[in-house]
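All chains are named by letter (A, B, ...) in the order of the sequence lines, taking the proteins before the strands, and each is independently numbered beginning at 1.
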Amino acid sequence: MNARNELLSFLREEAPALSLALIASIYADPFWHERFGDRGRKHSNADGGYHASYLVEAIEAKDARLFVKYASWLRDVLVSRGMCTWHLVNNFERLGNVLRSRGPDGIEEAVAVLAAANAALTTPRTGDAQRVTDLRASTLRDLDLKLRELFPSRFDNGPPHWSVDARLYLEYAWDAADCGSPDVVPRHLAAVQIVEVKNGLGATVTGLVASSLAALMAPTSS
Amino acid sequence: MTGVPSRLAQYVDALVAGDTEAAYAAVSGALADGLSLVDVQAAVIRAGQEQIGVLWQGNRISVVQEHLATGISEVVLARLGSAARPSARHGRSIVVACVEGEHHDLPARLVADWLALDGFDVRHLGADVPTDALIPALTAWTPHLLALSVTMTFHVRTLRDTVARVREAAPNLPILVGGHAIDWSPGIPAELGVETAPREPAELLAAVRRLTGVAP
């Protein structure tokens with residue numbers, strides 16, 4: 001079997017299971033079940049299979065743009081349903097690492113396709129998204145400090161870590177700016193609030209985050 | 001006269017509301033406005049379904065609403081078809097099919113309708129046609145052209161296999177391929193040595209007439 005056929009054979013026969021195993025490891029984070037439940041898990045598993053299928057087609061057609069189109073389409077589906085671009089980017093990064101560790105010679109072609117998709121996904125589509133990118137570091141630092149003050153044992157006995165993960169809030173803010181949907185952040189905060197109230201914490205995180213992001217999310221003329 | 005954008009908006013609103021009669025009223029209105037049947041199918045029904053897809057993508061409608069919209073469009077097409085007056089027959093037969101595993105049949109259905117209206121004898125096999133069944137059917141029927149539809153990119157591999165097997169069984173049969181998967185991978189037809197089905201009805205019909213030896 002030549003190298004190309006070996007690569008395609010690996011992607012067809014083994015990549016789907018590797019992708020599913022990756023979804024399982026992602027779901028070890030309680031955020032996913034809290035936010036999206038069993039239905040979300042079912043769709044995530046299906047998406048894991050599609051990632052592998054589209055990867056195969058992109059390699060077979062020798063055209064990474066095919067996978068980029070799929071990723072861009074999927075991103076809009078997922079962001080409108082409560083995820084953020086970073087979730088998909090992180091999934092593809094981790095999938096690339098898994099494929100690289102298990103794949104045959106030539107696997108870098110598949111890893112490069114995933115990287116091309118991530119480059120496209122993380123390119124701001126609006127001036128507002130670029131502004132969030134530019135202000136990301138300072139806003140993240142300030143928000144993270146405030147959250148650490150509020151929940152000093154954030155990953156031990158505190159609330160689920162995702163509800164105090166400042167980085168994730170910034171990612172939702174980026175998406176709100178990038179897709180021109182100002183409701184992305186309030187929708188996510190509403191979901192966080194439900195978990196916080198369930199954990200007897202009141203709505204502390206959501207209020208803090210809302211005020212921190214207010215200046216960042218203020219509309220501009222661009 | 002109400003314009004196409006307005007009729008299209010009226011059609012999409014009806015689909016979102018799940019209202020078959022309102023959807024039919026929109027296309028009837030477009031016909032009364034002077035649009036041809038083929039143009040109504042392309043500019044209102046097909047365009048409407050594409051907008052439904054975008055609405056689902058953006059989580060503006062549910063998957064149930066999307067399925068209902070497709071069902072309504074199928075009913076509307078059937079009603080329009082029952083009132084259609086096809087052109088004089090060419091004596092040329094066409095087989096239209098979705099590749100095995102492909103369940104999105106509406107694009108193929110539209111192509112089949114346009115070809116039938118233009119005077120071709122059409123066998124529309126619908127969704128998910130098993131390749132093992134397609135090949136002997138083509139051998140038995142000896143059509144003048146095969147049109148294959150593929151919407152989801154992960155069925156392109158099946159398209160490759162199908163074309164290869166059709167080529168073995170009927171090496172001189174002209175093949176057109178089309179669908180969303182081809183829009184995303186426009187190089188596939190050339191790779192397979194087949195033609196791309198044009199998106200616009202007039203161009204599609206011109207291509208089929210050329211490939212089947214019917215005068216333009």
Side-chain angles (χ1 to χ4, degrees), chain A residues 5 8-9 11-13 15-16 19 35-36 39-40 42-43 46-84 88 113 117 120 175-176 178-184 187-188 191, chain B residues 16 49-67 69-70 98-104 107 128 148-165 177-196 199:
Chain A
N5 287 341
L8 286 168
S9 178
L11 289 174
R12 284 189 191 116
E13 289 162 25
S19 187
R35 181 72 178 85
F36 301 108
R39 190 161 177 262
K42 184 181 149 192
H43 286 304
D47 286 346
Y50 294 137
H51 298 342
S53 295
Y54 278 88
L55 197 52
V56 168
E57 283 306 327
I59 298 293
E60 191 139 37
K62 298 185 180 119
D63 191 353
R65 290 171 300 179
L66 180 59
F67 192 86
V68 173
K69 285 176 193 168
Y70 161 67
S72 299
W73 173 86
L74 180 62
R75 180 259 298 274
D76 288 347
V77 172
L78 298 178
V79 168
S80 69
R81 286 161 173 79
M83 286 174 61
C84 61
L88 189 58
V113 168
D175 270 315
D178 189 62
C179 61
S181 291
D183 61 337
V184 164
R187 269 195 286 119
H188 179 64
Chain B
V16 170
Q49 285 295 131
E50 287 167 353
Q51 286 196 20
I52 288 292
V54 171
L55 288 172
W56 175 84
Q57 182 189 7
N59 203 25
R60 301 292 180 205
I61 62 171
S62 69
V63 67
V64 166
Q65 283 176 291
E66 191 198 17
H67 281 236
T70 300
C98 296
V99 299
E100 187 168 346
E102 181 57 74
H103 291 276
H104 295 85
D128 185 22
L148 291 172
S149 179
V150 53
T151 296
M152 304 306 292
T153 291
F154 42 80
H155 295 312
V156 168
R157 186 183 182 200
T158 304
L159 174 70
R160 288 196 179 91
D161 293 341
T162 304
V163 169
R165 289 181 61 185
V177 301
H180 185 70
I182 305 302
D183 295 342
W184 274 22
S185 295
I188 295 288
E191 178 199 317
L192 299 179
V194 300
E195 288 210 18
T196 305
R199 179 177 158 80

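- For a residue to count as touching a neighbouring chain, one of its non-hydrogen atoms must lie under 4.5 Å from one of that chain's; by this rule A:Arg75 does not touch chain B.
- Between chain B and the residues A:Ser53, A:Ser80, A:Ala58, the most heavy-atom pairs under 4.5 angstrom are made by A:Ser80.
- If you tally non-hydrogen atom pairs under 4.5 Å between each of B:Val156, B:Thr153, B:Ile188 and chain A, the highest count goes to B:Thr153.
- Between A:Trp73 and B:Trp184, the two ring planes are perpendicular [angle over 60°; tilted spans 30° to 60°].
- Atom NZ in A:Lys69 sits 8.5 Å away from atom NE2 in B:His180 (nearest 0.5 Å).
- Expressed to the nearest 0.5 Å, how far CG of B:Asn59 lies from CG of A:Asp76 amounts to 11.5 Å.
- The number of heavy-atom neighbours closer than 6.0 Å to CZ of A:Arg65, taken from other residues, nucleotides and ligands shown, is 12 or below.
- Heavy-atom neighbours of A:Tyr50 OH from other residues, nucleotides or ligands within 6.0 Å: at or below the threshold of 12.
- For the pair B:Gln57 and A:Arg81, the tightest heavy-atom approach, listed with the atom from each and the gap, is O-NH1, 3.0 Å.
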